[in-house]
Amino acid sequence: MNLLIVGLGGFLGSVCRYMISQNIPKGSGLFPISTFAVNILGSLLIGLFYGSSQGKISEEVRLFATVGFCGGFTTFSAFALENLKLLQSGSYFSFFAYIMLSTTICITAVLLGIYLSK
């Protein structure tokens, strides 16, 4: 049942992300404005859902909202929440390492994927 709950939330989150990306002007070309907006909105939403889930909502609603909807909407929100938890726990080295390693290794992985696809 949890898989269906997460899957439905993911479907709705992905559809919302697509709709937003189609309706936000492309901007001046400095960077992808629609992705930036989705990442900010997704981070706000996961914060709201996580804050509300502290004994106030059911496990099913939490799964639907955070793992499903926010995960389908933007995985950046999960990344932001995980980093906040590292900061709150005082794990400063892990916080900086996670940010640096995630960005550099993931960008490198995209480059490798492009290279391997040719």
Side-chain angles (χ1 to χ4, degrees):
M1 189 60 160
N2 286 348
L3 290 175
L4 291 174
I5 290 169
V6 169
L8 178 59
F11 168 77
L12 293 173
S14 295
V15 168
C16 287
R17 178 183 66 231
Y18 176 76
M19 289 171 47
I20 288 172
S21 72
Q22 296 302 302
N23 290 297
I24 290 183
K26 299 303 177 207
S28 63
L30 294 176
F31 58 90
I33 303 272
S34 63
T35 301
F36 185 61
V38 164
N39 286 339
I40 293 169
L41 181 56
S43 296
L44 174 65
L45 288 174
I46 204 168
L48 288 169
F49 296 144
Y50 180 75
S52 297
S53 72
Q54 306 301 309
K56 298 176 188 168
I57 62 174
S58 70
E59 179 67 7
E60 291 81 11
V61 172
R62 186 194 66 77
L63 282 173
F64 174 85
T66 58
V67 178
F69 184 85
C70 288
F73 191 61
T74 172
T75 56
F76 191 83
S77 59
F79 177 71
L81 178 60
E82 290 166 346
N83 276 295
L84 177 64
K85 287 179 181 180
L86 288 171
L87 276 177
Q88 288 175 331
S89 71
S91 302
Y92 302 113
F93 176 80
S94 294
F95 167 76
F96 287 111
Y98 186 38
I99 289 174
M100 295 305 296
L101 291 171
S102 291
T103 54
T104 56
I105 292 173
C106 289
I107 291 170
T108 302
V110 169
L111 288 169
L112 179 61
I114 292 169
Y115 172 77
L116 293 173
S117 71
K118 293 183 178 187

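Positions are given from 1 along the sequence.
Closest non-hydrogen pair, G42 versus C70, comes out as O-SG, 4.1 Å. Taking each heavy atom of S14 and G72 in turn, the nearest pair found is OG-O, 3.3 Å. Nearest heavy-atom pair across A37 and I24 is CB-CD1, 3.7 Å.
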(request) Dump the intermediate steps for side chain to side chain contact (heavy atoms under 4.5 Å, CB included) on Y98 and L86, then the final yes or no. (result) CA-CA 9 Å; Y98 186 38; L86 288 171; 4.0 Å; yes
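Taking the side chain as every heavy atom from C-beta outward, Q88 and L84 approach each other to under 4.5 Å. In this structure the side chain of V110 never reaches within 4.5 angstrom of the side chain of I107, judged on heavy atoms. The closest side-chain heavy-atom distance from F49 to R62 is not below 4.5 Å. Taking 4.5 Å as the limit, every side-chain heavy atom of V38 sits out of range of all side-chain heavy atoms of F76.
Note that the CG atom of L41 and the SG atom of C16 stand 9.0 Å from one another [nearest 0.5 Å]. Note that OG1 of T35 is 10.5 Å distant from CD1 of I20, once rounded to the nearest 0.5 Å. For the atom pair Y50 OH and L81 CG, the distance stands at 6.0 Å (nearest 0.5 Å). How far CG of L4 is from CZ of F64: 12.0 Å, rounded to the nearest 0.5 Å. Considering OH of Y18 and OG of S34, their distance stands at 11.5 Å, rounded to 0.5 Å. With rounding to the nearest 0.5 Å, the separation of CG in L112 from SG in C106 is 12.0 Å.
There is a path of hydrophobic side-chain contacts, each under 4.5 Å, that joins L12 to M19. Linking Ile, Leu, Val, Met, Phe, Trp and Tyr residues whenever their side-chain heavy atoms come within less than 4.5 Å places V6 and V15 in a single cluster. Residue I105 is not grouped with residue I99 when hydrophobic side chains (ILVMFWY) are merged at heavy-atom distances under 4.5 angstrom, including chains of intermediate members. Placement of L8 and M1 within a single hydrophobic cluster is found when ILVMFWY residues are connected by side-chain heavy-atom separations under 4.5 Å, directly or transitively. No chain of hydrophobic side-chain contacts below 4.5 Å, direct or via other Ile, Leu, Val, Met, Phe, Trp or Tyr residues, connects I46 to L44.
The side-chain hydrogen bond (donor to acceptor under 3.5 Å, both in side chains) search around N39 returns T74, not counting sequence neighbours.
F69 and F73 have parallel rings, their planes meeting at less than 30° on a 0 to 90° scale where 60° marks the start of perpendicular.
Of the possible polar contacts, none joining the T75 side chain to the G71 backbone as a donor-acceptor pair under 3.5 Å is found. Side-chain atoms of S58 come within 3.5 Å of backbone atoms of V61 as a donor-acceptor pair (strictly under, hydrogens ignored).
Counting only residues at least two apart or in different chains, side chain to side chain donor-acceptor pair (under 3.5 Å) contacts with residues 99-111 are absent.
In this structure, Y92 has its ring center no closer than 6.0 Å to that of F95.
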